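Note that the coordinates shown come from a computational prediction; the quantities given were computed from them, not determined experimentally.
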Amino acid sequence: MTDEAPLRIDIVSDVVCPWCIIGYRQMDEALAAEGIEAEVHWHPFELNPQMAEEGENLREHVAAKYGTSPEESRKSREQMTALGAELGFTFNYADDMRMYNTFRAHQLIHWAESADKAHELKMALFTAFFTERANVSDPEVLADVAAGIGLDRAQALQALKSESHALPVRQLESFWASRGINGVPALILGKKYLVTGARGVEAYREVLRQVVEGQAA
């Protein structure tokens with residue numbers, strides 16, 4: 001597709017969703033392997049919209065939400081850590097790690113779009129949460145992450161404190177929910193092909209071939 005327009009990929013996800021970064025990295029490798037240029041657009045989804053400001057212990061949260069045992073949780077974290085390592089991403093889980101609400105993080109990503117930095121910020125936020133175990137609900141932490149990719153820290157903080165991007169984020173969340181998206185990651189390829197979950201590099205390659213063939217037909 002080197003002579004074609006980039007393939008548009010819309011990804012509905014949350015920055016505290018491990019399968020979202022795993023799925024994205026798998027898709028990115030599949031794109032490279034197939035020689036396909038893509039234009040990625042990120043869209044908000046909150047795994048924990050009702051979570052309190054202070055967050056919750058990750059293990060306790062997962063156990064309460066999904067009914068997983070400590071052993072199941074440990075094995076799942078080990079699996080995700082291994083998958084991440086294969087894809088060049090570091091999961092740095094710890095027993096005292098906390099889960100947070102991400103409404104502010106999504107507002108910051110929306111704000112960063114005007115500077116064409118939404119994708120870079122999304123990647124930085126995945127790292128902040130999973131590798132650095134940062135509180136991605138804290139405005140000061142979020143502003144630091146924004147500054148770390150070259151955005152103006154004071155402007156980032158102002159955007160968060162003013163909540164100037166709160167309504168657009170809520171509207172986007174409602175839009176995708178109305179389209180039946182109730183779990184993440186959800187990837188929409190070429191505005192018409194929906195793929196959910198972290199499928200694996202080879203599975204994504206097959207999907208991409210089918211999408212390209214469908215567009216060429």
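Gln107 and His165 share no donor-acceptor pair across their side chains, judged by distance under 3.5 Å alone. Using modelled atom types and a 3.5 Å distance limit, the side chains of Thr102 and Asp14 yield a donor-acceptor pair.
At least one donor-acceptor pair closer than 3.5 Å links the side chain of Gln26 to the backbone N or O of Gly200. When atom types are taken as modelled, the side chain of Gln158 and the backbone of Gln155 share no donor-acceptor pair closer than 3.5 angstrom. Judged by distance alone, with hydrogens and angles left aside, the side-chain atoms of His106 form a donor-acceptor pair with the main-chain N or O of Phe45 at under 3.5 Å. A donor-acceptor pair is defined here as one N or O able to donate and one able to accept, closer than 3.5 Å; no such pair exists between the side chain of Arg133 and the backbone of Phe130. With Ser73 contributing its side chain and Ser69 its backbone, the two residues share no donor-acceptor pair below 3.5 Å. Without hydrogens or angle criteria, Thr131 side chain to Ala128 main chain gives no donor-acceptor distance under 3.5 Å. With hydrogens and angles ignored, the 3.5 Å screen pairs a side-chain donor or acceptor of Asn101 with a backbone N or O of Asn48.
Among all heavy-atom pairs drawn from Phe126 and Cys17, the shortest one is CE2-O, 3.9 Å. Summarising the geometry of Trp111 relative to Ala146, their closest heavy-atom pair is CZ3-CB, 4.4 Å, with the distance given to 0.1 Å. Summarising the geometry of Ser137 relative to Tyr100, their closest heavy-atom pair is CB-CB, 4.1 Å, with the distance given to 0.1 Å. The minimum heavy-atom distance linking Arg25 with Leu87 is given by the pair NH1-O, 2.8 Å. The shortest non-hydrogen separation linking Val169 to His110 is CG2-CB, 4.0 Å. Taking every heavy atom of both residues into account, Tyr93 and Pro18 meet most closely at OH-CB, 3.6 Å.
Note that Arg170 lies in the cation-pi zone of Phe103, set by a 6.0 Å cut-off to the ring centre and a 45° limit from the axis.
A heavy-atom distance below 4.5 Å is not found between the side chains of Leu187 and Leu194. Contact annotation: the side chain of Val195 approaches that of Arg199 to within less than 4.5 Å [non-hydrogen atoms, C-beta and beyond]. Put simply, the side chain of Gln171 does not reach to within 4.5 Å of the side chain of Phe175, judged on heavy atoms.
Among Thr127, Val141, Thr90, the single residue meeting the side-chain contact (heavy atoms from CB on, under 4.5 Å) criterion with Glu132 is Thr127. Under the side-chain contact (heavy atoms from CB on, under 4.5 Å) test applied with Val40, the options Leu7, Asp28, Asp10, Ile11 reduce to a single match, Ile11.
Shown here are the salt bridge (charged side-chain N to carboxylate O under 4.0 Å, His left out) partners of Arg59, two or more places apart in sequence or in another chain: Asp95. The salt bridge (charged side-chain N to carboxylate O under 4.0 Å, His left out) test applied to Arg104 returns Glu53, not counting sequence neighbours. With sequence neighbours left out, Glu120 forms a salt bridge (charged side-chain N to carboxylate O under 4.0 Å, His left out) with Lys117.
Taking 4.0 Å as the cut-off between side-chain N and carboxylate O, Asp144 and Arg153 count as a salt-bridged pair. Remark: Glu78 engages Arg74 in a salt bridge, criterion side-chain N to carboxylate O under 4.0 Å. Arg98 and Asp96 are not joined by a salt bridge, as no carboxylate oxygen comes within less than 4.0 angstrom of a charged side-chain nitrogen.
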### Audit row: Tyr24, Trp19, ring pair (Phe, Tyr, Trp, His ring centres under 6.0 Å) steps and yes/no
CA-CA 8 Å; Tyr24 168 72; Trp19 296 111; over 10 Å; no

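A continuous path of Ile, Leu, Val, Met, Phe, Trp and Tyr side chains, each step under 4.5 Å between heavy atoms, connects Ile109 with Met123, placing both in one hydrophobic cluster.
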